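Keep in mind the model is a prediction, meaning the values are calculated, not measured.
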Amino acid sequence: MHKGIFVTGTGTDIGKTFVTALLVKKLSEIGCNTAYFKAAVSGNKRDENGRLIPGDAAYVKKISGITQPLDTMCPYIYETAVSPHLASKIEGDPVEISTVKTQYKKICDEYEYVICEGSGGIVCPIRYDDKKIMLEDIIKALGLPTIIVADAGLGTINSVVLTCEYMKAHGLEIRGLILNNFHRGDVMEEDNKLMCEKLTGVPVIACVGKNDTDIDISEDALKRICDRGEKK
């Protein structure tokens, strides 16, 4: 069975893509054949030929140094910078779970580890017309455990607790929290780390600073978190 994790967050622009890139980079550097996958990505730019480029995937590829072809990373790419459900209403091509699963399986057949990134926060409508697909439906369809990325600063206790409660209520397994924009030694942020753990029962597995080029998590710990056969 392939191994992997689904990276979600307490909101949009929280640093999921940055943290995901560091996770992919770490696994790749320790010799794991690793790929990236994101079911739907919005707010993308076109290249000189008018082709939409999945910006998050391109960023992860650049930071991590993986050689995975860009066109295998994201099955649904939208130009409008809104939630995928609205982008597809504007541009067409709404998300189909079957397509997501098929593309994901192709990647799993080629790579040992697949790190998946969600769209926006956990409460993100992926499709909302004659079919209703929420982000948790994507996570369940892929059968992956999750980690949550949160900002380390003011307000994160509330955001983390609410995100965890929602995910637990929807039957999603959470293996850890990662605090982004973390300032080591900052009294409030160190306390935020402690309180998030105490109030959710979920461990903070790493803290990431703004200019970090590596993620402070051991090789064994990262492999355990990505092992689909072992609950953390």
Side-chain angles (χ1 to χ4, degrees), residues 1-12 14 16-17 20 23-24 34-44 51-58 60-61 68-149 163-175 225-229 231:
M1 180 181 289
H2 77 281
K3 301 170 185 179
I5 200 79
F6 195 101
V7 181
T8 187
T10 55
T12 193
I14 210 73
K16 293 190 310 297
T17 306
T20 299
L23 290 170
V24 175
T34 307
Y36 168 87
F37 183 76
K38 185 167 185 172
V41 58
S42 305
N44 299 288
R51 183 170 64 104
L52 275 174
I53 301 299
D56 289 350
V60 170
K61 184 176 171 72
Q68 178 190 1
L70 194 62
D71 60 7
T72 68
M73 295 179 172
C74 302
Y76 291 95
I77 308 168
Y78 304 108
E79 188 169 9
T80 313
V82 294
S83 177
H85 84 285
L86 182 54
S88 65
K89 286 183 179 179
I90 295 169
E91 302 175 26
D93 194 26
V95 172
E96 295 283 359
I97 288 283
S98 59
T99 300
V100 172
K101 291 175 69 174
T102 297
Q103 184 61 45
Y104 178 68
K105 185 180 183 302
K106 287 180 181 178
I107 295 175
C108 292
D109 289 342
E110 295 184 36
Y111 298 87
E112 181 184 7
Y113 287 83
V114 183
I115 306 300
C116 298
E117 181 186 358
S119 305
I122 188 60
V123 186
C124 181
I126 303 299
R127 178 171 177 173
Y128 214 94
D129 45 28
D130 59 314
K131 295 181 181 178
K132 177 184 175 183
I133 302 173
M134 299 295 289
L135 186 60
E136 67 257 25
D137 298 316
I138 300 290
I139 299 172
K140 290 176 182 178
L142 302 184
L144 288 169
T146 66
I147 56 175
I148 300 169
V149 178
T163 298
C164 285
E165 289 301 313
Y166 181 92
M167 292 177 69
K168 290 174 182 178
H170 287 78
L172 302 174
E173 180 190 351
I174 310 167
R175 294 208 173 160
I225 290 163
C226 291
D227 188 344
R228 295 177 63 190
K231 290 189 176 182

Minimal non-hydrogen separation, Leu135 against Gly118, with atom names:
CD1-CA, 4.0 Å
What's the spacing between Thr146 OG1 and Ile122 CD1 if we round to 0.5 Å?
7.0 Å
List the atom of Ile77, the atom of Pro54, and the distance in Å for their closest heavy-atom pair.
CD1-CD, 3.8 Å
Spatial distance of atom OG1 (Thr8) from atom CD1 (Ile174) [nearest 0.5 Å]:
9.5 Å
Would you say Phe6 and Leu172 make side-chain contact, with heavy atoms under 4.5 Å?
no
Inspect the surroundings of NZ in Lys89 and state if more than 12 heavy atoms from other residues, nucleotides or ligands are less than 6.0 Å away.
yes
Angle class for the Tyr128/His85 ring planes (parallel below 30°, perpendicular above 60°, tilted otherwise)?
perpendicular
Residues forming a salt bridge (charged side-chain N to carboxylate O under 4.0 Å, His left out) with Lys16, sequence neighbours excluded
none
Are side-chain heavy atoms of Val60 and Met73 found at a separation under 4.5 Å?
no
What is the distance from atom CG of Asp137 to atom CD1 of Ile126, rounded to the nearest 0.5 Å?
9.0 Å
Taking the side chain from Tyr76 and the backbone from Glu96, do they hold a donor-acceptor pair closer than 3.5 Å?
yes
Taking side chain as C-beta onward, heavy atoms only, is Phe37 less than 4.5 Å from Pro75?
yes
Do Met134 and His170 have side chains that approach each other closer than 4.5 Å (heavy atoms only, starting at C-beta)?
no
Which atoms form the tightest heavy-atom contact between Ala87 and Val82, and what is the distance?
N-CG2, 3.5 Å
Quick check: do Ser42 and Ser119 have side-chain heavy atoms less than 4.5 Å from each other?
no
Are any non-hydrogen side-chain atoms of Thr20 and Val149 less than 4.5 angstrom apart?
no
4.5 Å side-chain heavy-atom contact, Ser88 and Asp93
no
Side chains of Leu23 and Tyr113: does their closest heavy-atom pair fall under 4.5 Å?
no
Nearest 0.5 Å please: distance from the NZ atom of Lys106 over to the OG1 atom of Thr72.
10.0 Å
How long is the gap from CD1 on Ile115 to CD1 on Ile107, to the nearest 0.5 Å?
11.5 Å
Under the salt bridge (charged side-chain N to carboxylate O under 4.0 Å, His left out) test, which residues partner Lys132, sequence neighbours left out?
none
Can any side-chain N or O of Arg127 pair as donor or acceptor with the backbone N or O of Ile133 at less than 3.5 Å?
no
Any side-chain donor-acceptor pair under 3.5 Å between Gln68 and Tyr36?
no
Minimal heavy-atom distance between Ser83 and Pro125, with the atoms involved, is OG-O, 2.9 Å
Please find the pair of heavy atoms, one from Asp129 and one from Pro94, that lie closest to each other, and give the distance.
OD2-CB, 4.1 Å
Sequence neighbours excluded, the answer for side chain to side chain donor-acceptor pair (under 3.5 Å) partners of Glu79 is Arg46
Heavy atoms only: give me the nearest Ile53-Ala58 pair and the separation to one decimal.
CG2-CB, 4.4 Å
Just verifying a value: how many Å separate Thr34 OG1 and Lys3 NZ, rounded to the nearest 0.5 Å?
11.0 Å
